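Each ligand, and each atom within it, is numbered from 1 in the order the structure gives. Values in this document were obtained by computation on a predicted structure and should not be read as measured data.
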Amino acid sequence: MLPIQKGCVGRRVVCHVSTGLSKRLLGLKMHGSEATRPLKSRRSGPLRGTAAIPGDKSISHRALILGALTVGETRITGLLEAQDVLNTAEAMRRFGAQLTRHDAGEWAVWGTGVGGWAEPENVLDFGNSGTGSRLVMGAMATTAMTAVFTGDASLRERPMARVLDPLTKFGATYAARVGGLMPVTLTGPELAICVDTRVDVASAQVKSALLLAALNAPGRSRIEQSVLTRDHTEKMLAAFGADISVESLPQGEAIHIMGEVELLPCAIDVPRDPSSAAFALVAALIVPGSELRIPALLLNPRRTGLIRTLLEMGAQIVIENERESGGEKIGDLLVRSSALRGVEVPPERAPSMIDEYPVLAVAAAFAEGKTVMHGLDELVVKESDRFAATAEGLQACGLTIDVRDTPQETTLVVEGRGLDGVPGGARVATQMDHRIAMAFLSMGLASRDAVSVDDTSMIATSFPEFEKLMRDLGADFQVVNA
Ligand code: S3P
């Protein structure tokens, strides 16, 4: 257990921000001049009803990309129609696929096959999406063509060498800004070669990019990862008829995948996104008297770290009607407001809840006792430095925290104030990060004083329905002046 270093908490956070973060914060300030939309969240009555969470973002990106790599029609239902995914859809069109939207969430993709993509005539803009851009880099890296990738101010500060460097092993070459930043120009080789490689970062995006690249490299590639990250790419590749197998290793696993195979069209029903559900789920736990149903939620074991942690904290979450849909486990959740207690979250759980730490930190604020979250190093390279943004938001809202940010450990400790003790009363800087915005809006529903966030416009990248869905459940959100 880490000792809380009282008295130097503020200094340590500021210190962290002014060293590691300063460059990114400078870049992100640019967003301030664009159209921002602040929102205030106030203590609300019980949240009640059924939350129809939109489709999973990870699975939505992959369905579009694999559809574009398949000759024939891929039918998708439940697609997340958020900006990140729409940018991937547009990129697929630029590589030559035909995409038709038949109805809300109902899309058809006519792809051109593995190795059949056409060279895009212009720069591809992925907006805010690390997943879309990195997966598409992988999907094109073994086809002889050049594509230029860019994104918004946040994405242009995120590390791309983690995916580009391993792609060079297949024969691809690239040019990027100093530090491996976008814009990136990536060129696939005339003849790709298969690889036997190890992914050292705990990133499903990197693993997935390599699997997609391997599809057009003759021979069998082997991709090893020492931690278990989300496996939607593997599952979906198998559903599309790829020759893929997973070997368990004493530490992690190795994926074997055959190149130059034809993918077969397939129907994909996208389950609902647990990373989006997390906000309504935590809000229902911390707002007294709440009772919420969340039907048909994705319960892939590599995505359920938050639910597991909340159950350990004493959350009343009942999972009913567990079943399979399109090769993924799903189930219905019944959530009731709960007295939470602080817990220690081990580092090995991080990949299964990497996007959920900001809202877990909110739950921790309303718990009795300390919550210690270990292994948060990947949080630093998300849509913002989420480690710093979460810590700063908590401090602004009157919480006592401790951060450890050394090469050996990245840990956040939150001193819980109990269900009625979180001060709030601050305006939180969201740093162009949709999940920071949604997490602190959730906090404001139960804190003593209102919490406002400086910008909600980025929420549209992953969860455009968030504000309406939460209001329909009873959330008191008020639009405020910029
Ligand atoms: C994702 C993987 C995670 C996650 C992101 C979606 C994916 O990123 O944070 O929101 O769909 O593969 P990393 O793989 O970089 O950890």
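A donor and an acceptor atom, one from each side chain of E224 and T197, are nowhere located under 3.5 Å apart.
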| request: Using the side-chain hydrogen bond (donor to acceptor under 3.5 Å, both in side chains) rule, take R62 and T233 through it: C-alpha gap first, then chi angles, then the decisive distance, then the call. | output: CA-CA 7 Å; R62 287 158 172 81; T233 309; 2.7 Å; yes
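Looking only at distances, a side-chain donor or acceptor of Q225 sits under 3.5 Å from a matching main-chain atom of S203.
Shown here are the salt bridge (Lys or Arg N to Asp or Glu O under 4.0 Å) partners of E324, two or more places apart in sequence or in another chain: there are none. Checked against side-chain hydrogen bond (donor to acceptor under 3.5 Å, both in side chains), T143 has the following partners two or more places apart in sequence or in another chain: N216.
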Quick one: ligand 1 N/O to protein N/O pairs below 3.5 Å?
unit_1: ligand 1; atom_1: 8 (O); unit_2: Q205; atom_2: NE2; d: 3.3
unit_1: ligand 1; atom_1: 8 (O); unit_2: K382; atom_2: NZ; d: 3.0
unit_1: ligand 1; atom_1: 9 (O); unit_2: D355; atom_2: OD1; d: 2.7
unit_1: ligand 1; atom_1: 9 (O); unit_2: D355; atom_2: OD2; d: 3.3
unit_1: ligand 1; atom_1: 9 (O); unit_2: K382; atom_2: NZ; d: 2.7
unit_1: ligand 1; atom_1: 10 (O); unit_2: D355; atom_2: OD2; d: 2.7
unit_1: ligand 1; atom_1: 11 (O); unit_2: S58; atom_2: OG; d: 2.6
unit_1: ligand 1; atom_1: 11 (O); unit_2: R62; atom_2: NH1; d: 2.8
unit_1: ligand 1; atom_1: 11 (O); unit_2: R62; atom_2: NH2; d: 3.4
unit_1: ligand 1; atom_1: 12 (O); unit_2: R62; atom_2: NH2; d: 2.6
unit_1: ligand 1; atom_1: 14 (O); unit_2: S203; atom_2: OG; d: 2.9
unit_1: ligand 1; atom_1: 14 (O); unit_2: A204; atom_2: N; d: 2.8
unit_1: ligand 1; atom_1: 14 (O); unit_2: Q205; atom_2: N; d: 2.8
unit_1: ligand 1; atom_1: 15 (O); unit_2: S203; atom_2: OG; d: 3.2
unit_1: ligand 1; atom_1: 15 (O); unit_2: K382; atom_2: NZ; d: 3.4
unit_1: ligand 1; atom_1: 16 (O); unit_2: K382; atom_2: NZ; d: 3.0

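Sorted by first then second residue, the ring pair (Phe, Tyr, Trp, His ring centres under 6.0 Å) pairs that include residues 220-262, not counting sequence neighbours, number zero.
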